[in-house]
Structures are given as structure tokens and as C-alpha cells.
**Student:** 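Have a look at this one before I ask anything.
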Number of protein chains: 2
Amino acid sequence: MPVEGQQEQSAEEAGDKAVRRPRVQKNVTRAIAADICANIFSAGDFLPTENELCERYGVSRTVIRESLKILESKGLVRGRSRVGTVVCRKDEWNILDQQVLEWIGPRIFEFDLLNCILEARRAIEPAAAELAAERATVQEIADVERAWHEMRDADGDIERFTKADVAFHTNLLKASHNQVFLQLASIIQVALEFSLHASNEAVDKRDEALDVHRQLVEALRMRDTAAARNCSLQMLSLAARDLAVAVKKHVPQFSS
Amino acid sequence: MPVEGQQEQSAEEAGDKAVRRPRVQKNVTRAIAADICANIFSAGDFLPTENELCERYGVSRTVIRESLKILESKGLVRGRSRVGTVVCRKDEWNILDQQVLEWIGPRIFEFDLLNCILEARRAIEPAAAELAAERATVQEIADVERAWHEMRDADGDIERFTKADVAFHTNLLKASHNQVFLQLASIIQVALEFSLHASNEAVDKRDEALDVHRQLVEALRMRDTAAARNCSLQMLSLAARDLAVAVKKHVPQFSS
DNA sequence: CGCTGATGAAGATCACCAAGCTGACTACCT
DNA sequence: AGGTAGTCAGCTTGGTGATCTTCATCAGCG
């Protein structure tokens with residue numbers, strides 16, 4: 001499968017040797033990552049040699065090497081000097097990395113990751129909410145509230161609602177003034193995108209979620225840590241329900 | 001500063017397998033990362049051009065580029081096409097990445113990270129302990145206990161004790177059967193290494209910690225989630241005390 | 001004020017050398 | 001004769017340097 005976007009010199013007037021050389025790096029990296037995720041190259045196997053990869057993706061060896069370096073730095077593969085490049089087991093991947101999550105994309109349902117993320121959120125978000133209630137600046141609370149407004153006003157638009165919801169949680173994590181929590185925004189983003197996207201029919205329950213979110217803003221204003229924690233837990237219960245719907249939808253048959 | 005360790009294979013008697021490999025890539029990456037951490041290149045600034053970096057570190061442009069790709073993939077820098085490479089703000093770094101933490105090294109005390117990590121641990125480890133109490137296999141519990149034995153038997157050796165402590169917590173996270181928690185082992189490792197290393201005089205209190213660790217193993221055996229959570233929290237209280245000592249030691253003067 | 005061309009830096013490719021793991025082949029010993 | 005150890009060639013990644021392309025930027029022009 002050659003990478004998309006190299007022969008996009010569909011410049012009609014490209015009669016002569018005007019071969020466009022577009023930004024190919026990111027596409028190649030993503031393509032290799034996708035192929036790994038798709039188990040075209042499976043864990044423990046050697047990747048084809050760099051030269052073969054050059055042909056397969058239609059780019060030079062330099063590009064392949066830089067791509068492999070990136071993949072290696074995220075734990076997807078391990079380069080064994082003068083031997084080859086081995087695909088790592090999935091539990092060696094940096095699944096907290098934003099880019100890795102993007103590469104996995106919808107295949108996340110095959111990773112049993114969303115449940116893990118939900119459990120992690122149950123541990124993290126209430127704690128973050130407490131800290132935010134203690135530490136958030138007025139500005140930060142306003143940011144959280146602005147995101148809530150966006151959610152409220154999104155009404156039909158699922159895309160917009162999801163984006164606003166992600167912003168809400170991200171701003172909350174920011175307000176906790178904890179760098180570690182903030183880094184975890186990426187996994188929460190993924191969780192929200194896949195849960196909400198799949199359970200978009202539950203419109204009536206959206207109001208319920210909206211209300212809890214509002215209460216959380218209120219709790220931040222009041223510096224009420226207990227209430228903040230409580231709201232966060234309620235949110236996660238709703239999220240758990242959404243997740244169940246989403247999983248059922250994407251994995252209708254359970255293969256054991 | 002040329003990078004250390006390229007031709008330091010002073011192995012005169014290269015009779016056996018003991019042939020040192022130059023492997024300059026990792027060193028260069030680490031060197032650039034170190035220079036960034038040391039604020040030689042500070043946030044928002046442009047890095048020198050790739051050609052200048054070649055001279056500075058005494059390697060070819062390819063190596064520099066691959067290094068920059070790695071650094072970029074971890075959020076330390078951002079390449080702006082045809083303009084230059086910009087150093088990112090510290091809050092854009094993937095601080096949950098093992099390698100990034102290694103690069104930061106002892107400078108972690110300048111990052112206000114250890115406190116954040118402790119807070120995160122307070123959220124995560126008790127939850128992980130609960131899950132482990134529910135889900136750990138007999139083998140996994142045995143692994144945790146083995147690490148505890150190592151801790152107990154380490155007696156004088158701080159290095160060994162720390163290593164065993166890290167293994168204990170890592171095994172615990174493994175036993176939680178949650179991929180997200182497991183990924184966070186890297187930050188816990190860092191936290192333990194720097195806290196314990198600095199508070200090595202508190203030998204009498206070591207026994208206290210040891211006892212709590214033993215109780216946790218017991219709780220896992222009994223499948224007692226509440227006890228497991230409780231032990232974990234106790235551990236973290238001790239860790240908090242150690243951290244206070246460590247911070248005081250490394251930052252005797254507080255610069256505001 | 002907007003267009004344009006020069007400039008310089010990154011993006012991409014190519015050709016090549018170096019180093020060492022692999023595996024096959026050979027030679028030697030039993 | 002058969003098995004084992006030593007050797008060697010070839011393949012694959014690691015690293016270098018030259019060269020070309022693509023554009024973001026900016027000075028200078030209309």
C-alpha cells in the first residue's frame with residue numbers, strides 16, 4: 001500500500017519532469033504505524049528491511065529511517081542494530097502518547113483500552129477536580145465555564161459538543177495545576193471522542209450530563225472540593241454508561 | 001561540547017565480544033536534550049540551524065535530523081518547516097515518557113514535578129492497589145512479594161533497595177491489569193529514585209515502610225480491596241515525608 | 001500597499017562507506 | 001566419517017556528505 005499523497009502531483013500541467021515532492025514524512029510514519037496497528041506487521045516479527053520499506057511506501061531510505069526513529073521513540077518498534085527492526089508487543093507502546101492514540105484510531109476497540117482509560121479516569125479526574133477546586137484561578141474557572149456554554153449551545157452538533165466536552169475536561173485538568181494530570185488529557189480526549197461519538201443517540205441523557213457539568217463549575221466557584229469530586233464521579237458514571245453503548249456497537253460479536 | 005563516548009572504546013584486547021559500539025545517535029539525542037534541559041536553549045528560542053548543530057556535536061546532519069525528530073516526537077521541540085526548530089515550553093513536553101524523564105534527570109527538582117507526581121500517585125496507586133487486590137493472579141502476587149523480599153534483604157544497599165522498591169510498585173501496577181496505570185510506572189520510578197536517594201539517612205523509618213509494604217502483599221492475598229487501598233495511602237504518606245526531605249536537600253534556597 | 005524575487009533553512013534523495021550480526025562453508029579434530 | 005569450531009562473505013542497519021527541491025520570510029520595487 002503506497003502512502004497517500006505522493007502522487008498528488010495531479011497537477012494537470014505536469015507534463016515535464018516537475019515531480020512534486022510533498023510533505024511525505026508524516027504520512028509515511030502514519031502509514032507504517034497504521035500497518036502495525038492493523039497487524040500487517042505483527043508483534044515479534046521483523047519489519048521488512050529499510051530498503052524494502054522504501055519501495056513499499058515509495059520514499060527514500062532517509063525518510064523511512066526517520067519514521068522508524070519516531071516509531072521507536074514511542075515504543076512501537078525496536079531497532080536491533082544490523083539485524084532488523086522488530087515490532088514490539090502492544091503493552092510496550094506509549095499508549096499515553098497523543099500521536100500513538102491517533103495512529104491507533106478506531107482500532108482502540110481492539111485494544112481493551114477504553115475500559116482501562118475509564119478506570120484511570122475514575123482515579124484521576126475526581127482528584128483533579130478536588131485540586132482544581134482548591135487552586136483554580138478565576139480565569140481558569142471561567143475557561144471551564146466557557147467550555148460548558150459551548151456544550152450547552154452545541155445542541156444538535158455532535159462534533160461541536162464533543163470538542164467542547166474535551167475542552168471542558170482539559171481545562172479542568174489545567175485548573176488542577178498538576179502537570180501529570182494535564183498530560184493525561186490526551187487519553188481523556190480519546191475516551192470522550194469514541195464514547196460520545198458512538199452514543200450520539202442518547203440525546204435525552206445529554207441534558208443530564210450537561211447538568212452535572214454545570215454543578216462542577218459551581219463547585220469550583222464555591223471552592224467545594226467534596227462537591228467537585230462528587231460531580232466528577234457522577235460524570236464518570238454517565239461516561240461508563242456511554243462507553244458500554246459504544247463498545248456494544250463496535251464489538252457486536254465478542255471473539256474469545 | 002562534543003558528545004561523549006564515540007571513540008572511547010579503549011578496548012585494546014578486542015579478543016572477545018567486548019567490542020564497544022560507537023552508537024552516536026543516542027548520545028547526541030541525549031546531549032541535545034540535556035542542553036535544552038539546562039536552558040542552554042530555552043523555551044521559545046530557535047535552536048541553531050541543523051548545520052550548526054552538526055558542528056557543535058560533531059556529527060552529520062542525518063544524525064542531527066533523526067535526533068530532532070525524536071525530540072519533536074516527545075514534545076521538546078517543534079520543527080517549523082523551512083524556518084527552524086523551536087524549543088517548546090516545558091508544559092508541552094511528554095513528561096510521562098520514560099526517556100524524557102531520564103533526560104531531565106536531577107533537574108527534575110527545578111520542574112516542580114515531584115510534587116505533581118506525588119499528587120498523581122495519591123490518585124493512582126490506591127486505585128491500582130484495589131484493582132490488583134481484585135484481579136492479581138497468584139503469580140503476580142508472588143512477584144510483588146519477591147520484590148518485597150528484595151527490599152527486606154537489601155539492608156545496607158540503597159541502590160538495591162530502591163530498585164526493589166521500584167519493582168514492587170511496578171509489579172503492583174502490572175497486577176492491576178490496567179494498561180494506563182502500568183504506563184505510569186515510569187513516573188513512579190522517577191519519584192522513588194529521587195525521593196529515596198535523598199532521604200537515605202532515614203534508615204529507622206525504612207522498617208516502617210517495609211512493614212506497610214508487607215501488609216499490602218497480605219491484603220492482595222486476602223483480596224481485601226479496602227486494606228490494599230489503605231496500605232497504599234499509608235505508603236504515600238511516608239513517601240510524602242521522604243519527598244519533603246529530598247526537596248529540602250536539593251533546594252536549600254528557595255528562589256522565587 | 002501589494003507584489004516579486006532573492007535568500008536561506010528545512011525537506012528529501014542519492015550514493016557510499018563502516019560495522020557487525022547471520023549463516024553457510026570449510027577445515028580440523030575426534 | 002561425522003561433528004564442531006573457525007572463517008568469511010553478504011546482508012542490514014548506522015553514519016556521512018553532496019545535491020536538489022521547496023517554501024517562509026523579507027527587502028526592495030512598482
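Quick caveat: nothing in here was measured; it's all calculated off a predicted structure. When reading the values below, keep in mind they use all heavy atoms of this one structure, side chains included, and skip hydrogens, waters and symmetry mates. Within every chain, numbering begins at 1; the chains are lettered A, B, ... in the order of the sequence lines, protein sequences first and strands thereafter.
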**Student:** Hey, does the side chain of B:Arg65 come within less than 4.0 Å of C:dG11's phosphate (OP1/OP2), counting only N and O?
**Tutor:** yes

**Student:** How many Å lie between CD on B:Glu66 and P on C:dT13, as a whole number?
**Tutor:**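 After rounding, the gap between these two atoms is 14 Å.
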
**Student:** Where the side chain of A:Arg80 is defined as all heavy atoms beyond and including C-beta, which of C:dA12, C:dG11, C:dT22 is the nearest nucleotide?
**Tutor:** C:dT22

**Student:** Can you check the B:Asn27 CG to D:dG14 P distance for me, whole Å?
**Tutor:**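 Atom-to-atom, B:Asn27 to D:dG14, this comes out as 14 Å.
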
**Student:** Can you tell me how far P of D:dG15 sits from NZ of B:Lys26, to the nearest Å?
**Tutor:**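 Distance, rounded to whole Å: 12 Å.
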
**Student:** From C-beta outward on B:Thr62, which listed nucleotide comes closest to its side chain: D:dG17, D:dG15, C:dG11?
**Tutor:** D:dG17

**Student:** Mind calculating the distance between CG (B:Leu47) and P (C:dA9) to the nearest angstrom?
**Tutor:**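 Computing the B:Leu47:CG to C:dA9:P distance gives 14 Å.
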
**Student:** In whole Å, what is the span from the CG atom of B:Leu68 to the P atom of C:dA9?
**Tutor:** 15 Å

**Student:** Would you mind checking if B:Glu119 and A:Arg135 are paired as a salt bridge, meaning a charged N to carboxylate O distance below 4.0 Å?
**Tutor:** yes

**Student:** In whole Å, I'd like the distance from the CZ atom of B:Arg82 to the P atom of C:dT7.
**Tutor:** 19 Å

**Student:** Considering only side-chain heavy atoms of A:Val83, which listed nucleotide, C:dT13, D:dT12, C:dC21, is closest?
**Tutor:** C:dC21

**Student:** Nearest 0.5 angstrom please: A:Glu66 CD to B:Ser73 OG, how far?
**Tutor:**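 Reported to 0.5 Å precision, the distance equals 12.0 Å.
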
**Student:** Hey, does the side chain of B:Glu72 reach the backbone of B:Gly79 with a donor-acceptor pair shorter than 3.5 angstrom?
**Tutor:**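 Answer holds: yes.
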
**Student:** With no angle test and no hydrogens, is the base of D:dG15 tied to the side chain of B:Arg61 by a donor-acceptor pair under 3.5 Å?
**Tutor:**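 For B:Arg61, whose side chain was compared with the base of D:dG15, there is no donor-acceptor pair (under 3.5 Å).
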
**Student:** What is the separation between atom CG on A:Asn51 and atom P on D:dG10, rounded to the nearest whole Å?
**Tutor:**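 The distance from CG of A:Asn51 to P of D:dG10 comes to 17 Å, rounded to the nearest Å.
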
**Student:** Would you mind reading off the distance between A:Glu55 atom CD and D:dT12 atom P, rounded to a whole angstrom?
**Tutor:**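 To the nearest whole Å, that distance equals 12 Å.
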
**Student:** Say whether, by atom type as modelled, one donor and one acceptor occur between the side chain of B:Trp93 and the main chain of B:Cys88 under 3.5 angstrom.
**Tutor:** yes

